[in-house]
Engineer: 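The following block contains the structure, expressed as C-alpha cells.
Keep in mind that the numbers below use all heavy atoms, side chains included, and drop hydrogens, waters and symmetry copies. All of these numbers come straight from a predicted model, not from anything done at the bench.
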Amino acid sequence: GILVQLMGSQNLTWEVTTKQDLGLDLKIADRFDLTVDIFRDHREDIFIRRGFLPGTTGLLVGGSIDQRPWGNVGSMRSEGIDGNFGYTQRIGKDFIFTLRGNLTYAYNKVLKYDEAANALYYRMTQGYKWEQNRGLIALGLFKDEAEIASSPTQYGQELMPGDIKYKDVNGDGVINDDDIVPIGNTRTPELVYGLGLSAQWKGIDFSILFQGTGKMDFIMEGYSTFPFIANDAGNILSVVADPKNRWISREISGDPATERQDAIFPRLSYGPRENNTKWSTWWLRDGHYLRLKNLEVGYTLPKAFTRKFRVEKARIFFLGYNLACWSSFDWWDPEMGSKDGNSYPVLWSSGDRIGIISPVETLFQNASATLNASDAGKNSGIFVLETETAVESSMDLIVYYPYSSYTTYGDGALHASVPMEQRQARPGDSSHTGKYTLAYDKTTIDPAAAAPGKSPSASFSLRHAVAYVR
C-alpha cells in the first residue's frame, strides 16, 4: 500500500524578526575609537516541527517514521551587547603602539515552543535557553550495598558500589527521565572576546592576538570518556591510566582508600554500563578558554644596508599560530567543540623566516593618452610614469600593468580592450627624479569605420602599474 511519510503544511510564511538596537560610536582625536551596541531581537513564526498534536490525528510518531508536520509555531528572544575599541599612541619619535579589543555577549530564551504543558516545568523547552544542556544531577558515587538499598532505583538497573548516584528531583522514589533538568550553560558560547596589541620601535615590530570564549559548557561522552564501553574498541586516555583518577574497589587494590569519592571515573566495567554514561553533572565540563592566537616579532633591516645588495626591503621575523591555550579543561582542546576528543585538533605552528622584497616594488600614478586618426599605424605612444621614490638611472624597470585601450568610431561604443601587459621602461632624462617613459602598442584604428563626420580615436589608460628593478 501507500504510506505518507510526512504530512504537508499549508499557509507557511517567513519568520518575522523585530530588532531593537542602542548604539554608541565614539572617536577622540584619531587616537581612540569605541563602538558599542546593545541589542534585542524578537523572532516570531520560527519554522519548527510540531510537537503538540493529539493522538486522534492518527499521525505516526516513532521508529523510522515521523509524520508530524512543520509549521511557523516558534518564538525566541535574543539579547546582548557587542562592542570593539581601538587605541593608538605614539611615544616619542620612534615608538608607536595600537591596542584593540572586541567583545560579544549574547543570550536567548525560548518564548514559544510547540509542546504539551508539563507539570514538571523543568522538562519543557519553553522558558529556557536554546541548546540548553540537560541531564541528571549527580550526588557522588555509591559507597556500599547499604547505600544502594536505601536509595531510589535508577532506571531499573542493577547497581554496585562505585556507580554514580543521582538525585531524585521530583521525589517519586525513582530515578528516570523525569529527573533530567537543565544543567550548566548552553553548548554554544554566550561570550566571545579578543584582544590584540601591535607596536613598532624603529625597525622592530611586534604583534600579539588573544581570543577567548566564556559561558559555555558541554557534556562528555563516547569511547574516550567511558573506557571499555564498546569492549576493546576506542582509545584509553592518559587521565584514565592514573589510578588516582579512578574508583577502584578495595577487593582489587587491597586498600579502602582507593574507593575515592573524588575520583573522575566511576567503577570501570567491560562493556556498556548505562547508569554511568547518562548525561549528568558528573560529566559536565566548562568549555571556556583563552588562546594565544597569533604572535609575531620582526626586525626590518635598514635600507642603507639592503640597497647595497639591490634589495629594497628585508625583514627577519618569528611567527606563531595557536601557541598556547588556557582552560580549566585540559583533556583536549576545548575550541574543537568535541564531546569525546575524536575530532581533528586545532593546528599550531611556529617558525622564523626572512622576507625579502626585491626588486623594488613601485606603484605608479595614473596616466593616460589618446590617439587620433592621424596616428593610425604608428607606435609612438608614450606614458610618463612617476615613481613614488627616485630610482637610479642605471636601472631598468620591467612594468606589469593593467591598462584599457578602446577605439571609438564616433558612436561612443567600446570596440576593443587589451588585458594585462608586460613592457620594459627605459630611464628618461629625468630618471633621477623618479620619472620613466614607456612605449606602448596602439589598437589599430580604421578611419573607414568611423561614423560620418566623426574621427576615430583610441584611448589608453594606465592604472596601478607595478614595476620591478632589473
Engineer: Who pairs with Trp283 by ring pair (Phe, Tyr, Trp, His ring centres under 6.0 Å), at least two apart in sequence or on another chain?
Structural biologist: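 Partners of Trp283 under the ring pair (Phe, Tyr, Trp, His ring centres under 6.0 Å) test: Phe226.
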Engineer: For side chain to side chain contact (heavy atoms under 4.5 Å, CB included), just list the numbers for Leu136 and Lys167, CA-CA rounded to whole Å, side-chain angles, deciding distance to a tenth of an Å, and then say yes or no.
Structural biologist: CA-CA 7 Å; Leu136 300 167; Lys167 181 179 179 179; over 6 Å; no
Engineer: Kindly determine whether Asp45 and Trp14 satisfy side chain to side chain contact (heavy atoms under 4.5 Å, CB included), including the steps that lead there.
Structural biologist: CA-CA 7 Å; Asp45 297 330; Trp14 295 101; over 6 Å; no
Engineer: Do Arg100 and Asp33 touch side chain to side chain, with heavy atoms closer than 4.5 Å?
Structural biologist: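 Yes, close enough: below the 4.5 Å cut-off.
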Engineer: Got a second to check how far Arg267's CZ is from Phe142's CZ, nearest 0.5 Å?
Structural biologist: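 Spacing of CZ (Arg267) from CZ (Phe142) equals 11.5 Å.
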Engineer: Cut-off 3.5 Å, no hydrogens considered: what does the side-chain donor-acceptor table look like for residues 192-210, sequence neighbours left out?
Structural biologist:
from   : atom 1 : to     : atom 2 : distance (Å)
Asp205 : OD1    : Arg315 : NE     : 3.2
Asp205 : OD2    : Arg315 : NH2    : 2.6

Engineer: Counting distance only, does the side-chain N/O of Glu115 pair as donor-acceptor with the main-chain N or O of Gln126 below 3.5 Å?
Structural biologist: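 It does hold such a pair.
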Engineer: Can you tell me how far the CZ atom of Phe39 sits from the CD atom of Gln20, to the nearest 0.5 Å?
Structural biologist: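 Spacing of CZ (Phe39) from CD (Gln20) equals 12.0 Å.
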Engineer: From His288 NE2 over to Trp326 CH2, what is the distance, rounded to the nearest 0.5 angstrom?
Structural biologist: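 So the NE2 of His288 and the CH2 of Trp326 are separated by 12.0 Å.
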Engineer: Would you give the length of the straight line joining atom CD1 of Ile81 to atom OH of Tyr107, rounded to the nearest 0.5 angstrom?
Structural biologist: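 That separation rounds to 10.5 Å.
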Engineer: Nearest 0.5 Å, please: how far is CZ in Arg285 from CH2 in Trp331?
Structural biologist: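 The CZ atom of Arg285 is 5.5 Å from CH2 of Trp331, to the nearest 0.5 Å.
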Engineer: For residues 89-97, which side-chain donor-acceptor pairs fall under 3.5 Å, sequence neighbours excluded?
Structural biologist:
from  : atom 1 : to    : atom 2 : distance (Å)
Gln89 : OE1    : Arg31 : NH1    : 3.4
Gln89 : OE1    : Tyr87 : OH     : 2.7
Arg90 : NH1    : Lys93 : O      : 3.3

Engineer: Using a 3.5 Å distance criterion without hydrogens, assess whether the side chain of Asn276 forms a donor-acceptor pair with backbone atoms of Ile164.
Structural biologist: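 Side chain of Asn276 to backbone of Ile164: a pair is present.
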Engineer: Identify the two heavy atoms, one from Thr281 and one from Ala138, that lie closest to each other, and give their separation to 0.1 Å.
Structural biologist: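 So the minimum-distance heavy-atom pair works out to OG1-N, 2.8 Å.
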Engineer: Taking distance alone, no hydrogens or angles, what donor-acceptor pairs closer than 3.5 Å link side-chain atoms of residues 237-245 to residues at least two apart or in another chain?
Structural biologist:
from   : atom 1 : to     : atom 2 : distance (Å)
Asp242 : OD1    : Lys244 : N      : 3.1
Asn245 : ND2    : Val239 : O      : 2.8

Engineer: Please report, to 0.1 Å, the donor-acceptor pairs under 3.5 Å made by any side chain of residues 117-124, with sequence neighbours excluded.
Structural biologist:
from   : atom 1 : to     : atom 2 : distance (Å)
Asn118 : OD1    : Leu120 : N      : 2.8
Tyr122 : OH     : Asp178 : O      : 2.7
Arg123 : NE     : Asp177 : O      : 3.1

Engineer: Using modelled atom types and a 3.5 Å cut-off, is there a donor and acceptor pairing between side-chain atoms of Tyr289 and backbone atoms of Phe329?
Structural biologist: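 No.
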Engineer: Check whether Gln132 reaches the backbone of Ile183 with its side chain - one donor and one acceptor, N or O, closer than 3.5 Å.
Structural biologist: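 Yes; at least one donor-acceptor contact below 3.5 Å.
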Engineer: Indicate yes or no for a side-chain donor-acceptor contact from Thr35 to the backbone of Asp25 under 3.5 Å, with no hydrogens or angles considered.
Structural biologist: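 No, because the side chain of Thr35 does not come within donor-acceptor range (under 3.5 Å) of the backbone of Asp25.
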Engineer: Asn294 vs Leu319, test: side chain to side chain contact (heavy atoms under 4.5 Å, CB included). Steps then yes/no.
Structural biologist: CA-CA 7 Å; Asn294 296 331; Leu319 180 62; 5.6 Å; no
Engineer: Using side-chain heavy atoms (C-beta onward) and a distance below 4.5 Å, is Val174 in contact with Asp168?
Structural biologist: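 The answer is no; the side chains never approach within 4.5 Å.
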Engineer: Can a donor-acceptor pair be found, under 3.5 Å and without considering hydrogens, that links the side chain of Gln154 to the backbone of Tyr166?
Structural biologist: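 Side chain of Gln154 to backbone of Tyr166: a pair is present.
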Engineer: Please find the pair of heavy atoms, one from Pro227 and one from Leu268, that lie closest to each other, and give the distance.
Structural biologist: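 Between these two residues, the closest heavy atoms are CG-CD2, 4.2 Å.
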Engineer: To the nearest 0.5 angstrom, please state how far the OG1 atom of Thr104 sits from the CG atom of Leu191.
Structural biologist: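 So the gap between those two atoms works out to 8.5 Å.
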Engineer: Does any pair with a residue in residues 140-149 pass side chain to side chain donor-acceptor pair (under 3.5 Å), and if so which ones, sequence neighbours excluded?
Structural biologist: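 Applying side chain to side chain donor-acceptor pair (under 3.5 Å) to every pair that reaches into residues 140-149, excluding sequence neighbours, yields Glu147-Lys165.
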Engineer: Any side-chain to backbone donor/acceptor pair from Glu15 onto Gly74? Under 3.5 Å, distance only.
Structural biologist: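 Side chain of Glu15 to backbone of Gly74: no pair is present.
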Engineer: Side chains of Ser249 and Glu259: closer than 4.5 Å at any heavy-atom pair?
Structural biologist: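 When only atoms from C-beta onward are counted, Glu259 and Ser249 do touch, with a gap below 4.5 Å.
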Engineer: May I ask you to establish whether Lys278 and Tyr155 are in a cation-pi arrangement, using a distance under 6.0 Å from NZ or CZ to the six-membered ring centre and at most 45° from the ring axis?
Structural biologist: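 Lys278 over Tyr155 ring: yes.
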Engineer: Using 30° and 60° as the class boundaries, would you call the ring planes of Phe218 and Trp332 parallel, tilted or perpendicular?
Structural biologist: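 Geometry flag for Trp332 against Phe218: tilted rings.
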Engineer: Of the non-hydrogen atoms in Trp282 and Ile264, which two are nearest, and what is the gap between them?
Structural biologist: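 Shortest heavy-atom contact: NE1-O, 2.9 Å.
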Engineer: When you measure from the side chain of Asn108 to the backbone of Lys129, do you find a donor-acceptor pair of N or O atoms at a distance under 3.5 Å?
Structural biologist: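 A pair under 3.5 Å: no.
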Engineer: Looking only at heavy atoms, which two atoms of His42 and Ser75 are closest? And how far apart?
Structural biologist: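 Heavy-atom minimum between the residues: NE2-OG, 3.9 Å.
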Engineer: Under a 4.0 Å threshold between the charged nitrogen and the carboxylate oxygen, would Lys19 count as salt-bridged to Asp41?
Structural biologist: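 Yes, this pair counts.
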Engineer: What I want to find out is whether Arg260 reaches Asp255 closely enough, with some N-O distance under 4.0 Å, to be called a salt bridge.
Structural biologist: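 No, this pair does not count.
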Engineer: For the residue pair Leu34 and Phe85, what are the closest heavy atoms and their distance?
Structural biologist: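 It is CD1-CB, 3.8 Å.
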Engineer: Find out whether Trp279 and Glu221 are in side-chain contact, i.e. whether some heavy atom of one side chain is under 4.5 Å from a heavy atom of the other.
Structural biologist: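 Yes, close enough: below the 4.5 Å cut-off.
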Engineer: Has Asp179 got a side-chain atom pairing as donor or acceptor with Val169's backbone, closer than 3.5 angstrom?
Structural biologist: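 Yes, because the side chain of Asp179 sits within donor-acceptor range (under 3.5 Å) of the backbone of Val169.
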Engineer: Taking atom CD of Gln261 as the centre, does the number of heavy atoms from other residues, nucleotides or ligands within less than 6.0 Å exceed 12?
Structural biologist: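 Yes, CD of Gln261 has more than 12 neighbouring heavy atoms, counting only those of other groups under 6.0 Å.
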Engineer: With side chain to side chain donor-acceptor pair (under 3.5 Å) as the test, would you mind laying out the steps for Gln157 and Asn275 before giving the verdict?
Structural biologist: CA-CA 7 Å; Gln157 297 183 28; Asn275 180 80; 5.5 Å; no
Engineer: Would you mind reporting whether Asp163 and Arg273 have side-chain heavy atoms less than 4.5 Å apart?
Structural biologist: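 In short, these two side chains touch, coming nearer than 4.5 Å.
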Engineer: Report yes if the side chains of Thr306 and Lys313 come closer than 4.5 Å at any heavy-atom pair, otherwise no.
Structural biologist: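 When only atoms from C-beta onward are counted, Lys313 and Thr306 do not touch, as no gap falls below 4.5 Å.
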Engineer: Can you spot which of Asn133, Asp286, Asp217 makes a side-chain hydrogen bond (donor to acceptor under 3.5 Å, both in side chains) with Asn185?
Structural biologist: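 Exactly one pass, corresponding to Asp217.
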Engineer: Evaluate Arg50 against Trp70 for side chain to side chain contact (heavy atoms under 4.5 Å, CB included), listing each step before the verdict.
Structural biologist: CA-CA 5 Å; Arg50 302 299 298 265; Trp70 292 68; over 6 Å; no
Engineer: State, to 0.1 Å, how close Gly23 and Asp37 come at their nearest heavy-atom pair, and which atoms those are.
Structural biologist: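 In this case the closest contact between Gly23 and Asp37 is CA-OD1, 3.6 Å.
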Engineer: Can you tell if the side chain of Val110 reaches within under 4.5 Å of the side chain of Met76, non-hydrogen atoms only?
Structural biologist: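 Side-chain contact under 4.5 Å: yes.
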Engineer: Do Tyr113 and Trp130 have side chains that approach each other closer than 4.5 Å (heavy atoms only, starting at C-beta)?
Structural biologist: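 When only atoms from C-beta onward are counted, Trp130 and Tyr113 do touch, with a gap below 4.5 Å.
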